[in-house]
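Every chain is numbered from 1 and lettered A, B, ... according to where its sequence line falls, protein lines coming before strand lines.
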Amino acid sequence: MLSLADLALGRSATVRGVDGARAFRRRLLEMGLVPGTQIRVVTVAPLGDPLQIEVRGGQWSLRRAEAAQIAVEPEQAAPAPKPVRKLPVLR
Amino acid sequence: MSTAVACHDDAPAPPPFARTGRVQVVLAGNPNVGKTTLFNALTGSMAKVSNYPGITVDRRAGRLALAEGAADLHDLPGTYSLNARSAEEQIAFDAIAGLADTPPPDVVIACVDATQLARSAYLLLQCQELGARCVVALTMFDEAGVAAPDPAALALVLSCEVIPVIARTKYGLAELRAAISRAATAPRHSIWRWAPHAVLRTHLDAVVAALPATWRAGERYGAESPDADDALALWALTCIDSAPDGDELVGIAPGLRAAVDTRHADGATDDGSVLARWAWLDANVAKLPRARPDRSRTERIDRVLLHRVIGFAVFMAVMAVMFMSLFWWAAPVMDGIDHGFKALGGLLREALGDGIVTDFLVDGVIGGVGSVLVFLPQILLLFLFLGFLEDCGYLARVAYLMDRIMRTMNLHGRAFVPMLSGFACAVPAIMATRTMERRRDRILTMMVVPLMTCSARLPVYTLIIGALIPGSHFRQGLLMVAMYLFSVVTALGAAWVMSKTVKPLKAKRMPFLIELPPYRFPRIGDVLRMMWSKASVFLREAGTVILGCSIALWALLYFPRDLPQGSPDYDALIATAPTDDAKVDLEASKAAAHLEASFGGRLGHAIEPAIAPLGFDWKIGVGIVGAFAAREVFISTLGIVYAVGGDADEQSEPLRAKLHEAQRKDGSHAYTPLVGLSLMIFFALACQCMSTLAIVRRETGSLRWPLFLFAYMTTLAWIVSFCVYQGGKLLGFE
């Protein structure tokens, strides 16, 4: 399954599950990242990390490694309004 | 001070509230929901800022005027959930459940953000499960506009009063006060929106049985409530984690911890409660807003401020203005304070005449007060900027922009501002670490900020470079730049090393989840109030320590007053001096002799064997002792030692000449360029500043961290200076 870190910029998806250590997972769930929630990667910070995500009308900064712990299912939405590009990976 | 509302004689006797006799109200809510603004609007100007014992989180309390009399309003740290992992996060839970040093509050005001309804209502559900009497203050009601939910519908769903408030116009505050009064006398009941599943039920029963008596509803609320006991058991089951990388909670009874441990409840039980609450919120609350909140203004601003080119340019500009203001704008005020206190000392000396008491009052007390007040301009300016940037939402963006760089050193993105401020002065910079919510992030930043080249090191470097380092101005300037770069590299390197080796500073695997709140206009009143509270806390808690230390240091360099046997009779010589110049020289020689004979002078001699391998003699040793008051005092101390007068500054030609000519016993130069370099390295790395140590003690709430800071920096300074001096000699440099 796709993770949030793999999601194209601007594309909406549905949260399927959160993985990772207990405290980490609980924190994300309590913020409302429960399965079934809509989530979107708004943009990526100028230096390639962290990501700016939108969930439940609020925006958050989340590191790419942490976003990789969130399983998502992209929405079968209409073609994106803007050309979709993959996130640049900065090493 | 008391509030304006008096008790009416005809009013019914107030109910037997808590131990203080006043109604206890706490204010809970997520960060960025306008909680501070509401607190300020409710309490007026009568707020008191102190610390939670042992934890460096601001504890703010004020008086709240209710119809039946004054109540106490306590502001809790902003939090998204009552579940806690650290002592800091535990504050809100302890306060609401009544487990810390305070009884359970009579009323909890839950700030619910009209633009973030479901998420802020999550916290309310937890409070209601615990059996708190809740009143909802619906904030950001104006900002939500058409998206705002209907308060009456929300009240019905949440089973408590919902009062829309706009704190900046005082809209809704009277209704909120009335609702608090009504809630304070209502019966308590614990409200659960979900039923624990069978497995969780058995865990809860076992943990409830292990709850200490002081945790039970019967003890805390004065009435049995199995549901409230269940809520505490659920909290314990969720938060107590005895795994190696587990919780850092305080005050947990061993029996309770053991009971939780034996249940082997892991993440699965957490998920059960969190998902159940969210299922209820999604079904009942999430549908209430009539539209999606409009974020378009914030998104437009973000497109500029987070842009990969323009965003960084703006960031640099903001940081440059902040930094220059600390460096340049504060300087005239600081000089003014300095001169003012010197002039005051001069007046007092004229009025009292010479003598030990005069010296104590002028050099010890007035000088010490001046050395505390001189920090105020930078503290006020830095917190003016920080308050403004925080309240408008930009500080969260700074963390977002800088995270990639800062995290390679295991520092928080928000550590950038304190580290930059460290170039001006470590004291305000260390106070600025409070913008980070985790203790570990704050302390790691505090431990490396004092390595940055602060403005007090500048005159020391200027003197040493001018007196001892030969070459063109260009070469000398280059060396100064190198010292700045050196400090950045050592600070970042030290952060990385400490985050790998010092156990309490090791990075924890917690999500770097930072809210990027909507941009808002800061309220100048809130910013000024925060500035003032920072300044008063500094004066009260760090200023007194700094004053005490400077008086002690003055005594160290002043007493004893007897000169050793065989010293010339300076007073007689001065009285018969043929010219004024000769008189001045003699007075300088007398001061030098007194300094050498003082405890500080003897200390300089005593540490000479320890600093000789670095190329320093006892005179520099005395300078190092004196510099503990503030690094630039090194110069005036050397001025006294070399009998050119205590008013010598870094540009003083006589002092430079003396340093240049000073000889060892064998006739060689005492201070070669290599000694100069070694001395600069020592000043770059050593923690030569009692004010820094005082503020670290205040900000960490312990003696352990300032001692650690002093020990590690001084050791590092000694080792590196040793390597530079001895290595340089081996390589044939002078």
Roughly how far apart are [X] [atom1] and [Y] [atom2], rounded to 0.5 Å?
X	Y	atom1	atom2	value
A:R64	B:R404	CZ	CZ	9.0 Å
B:L516	A:Q52	CG	CD	5.0 Å
B:Y400	A:L51	OH	CG	7.0 Å

Partner residues of A:R56 under the side chain to side chain donor-acceptor pair (under 3.5 Å) criterion, sequence neighbours left out: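 By the side chain to side chain donor-acceptor pair (under 3.5 Å) rule, A:R56 matches A:T37, B:D282.
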Can you give me the closest heavy-atom contact between A:L29 and B:W278, atom names plus distance?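 Nearest heavy atoms, A:L29 then B:W278: O-NE1, 3.2 Å.
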Nearest atoms (heavy-atom pairs only) where A:R25 meets B:D271: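 Closest pair (atom of A:R25, atom of B:D271, distance): NH2-OD1, 3.3 Å.
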Is it true that B:R407 and A:E66 make a salt bridge, defined as a side-chain N closer than 4.0 Å to a carboxylate O?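 A salt bridge is absent here (no side-chain N lies under 4.0 Å from a carboxylate O).
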Regarding A:E30 and B:Y122, do their side chains bring together a donor and an acceptor under 3.5 Å, going by distance alone?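 Note: A:E30 and B:Y122 side chains meet the donor-acceptor criterion.
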Any chance CE of A:M1 has more than 12 other-residue heavy atoms, nucleotides or ligands included, within less than 6.0 Å?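 Correct, the count exceeds 12.
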Please check if the side chain of A:R26 supplies one atom and the backbone of B:T238 the other of a donor-acceptor pair under 3.5 Å.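 It does hold such a pair.
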Going by the salt bridge (Lys or Arg N to Asp or Glu O under 4.0 Å) test, which pairs reach into residues 295-305 of chain B, not counting sequence neighbours?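 Pairs touching residues 295-305 of chain B that pass the test: B:D302-B:R397.
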Relative to chain A, which segment of [X] carries a heavy atom at a distance below 4.5 Å: side chain, backbone, both, or neither?
X	value
B:Q116	side chain
B:T298	neither
B:Y80	side chain

For each of B:A147, B:A286, B:S81, tally heavy-atom pairs with chain A at distances under 4.5 Å, and name the one with the top tally.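 The candidate making the most pairs under 4.5 Å is B:S81.
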Between B:V309, B:D241, B:D247, B:V274, which has the largest tally of heavy atom pairs under 4.5 Å with chain A?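 Winner by heavy-atom pair count: B:V274.
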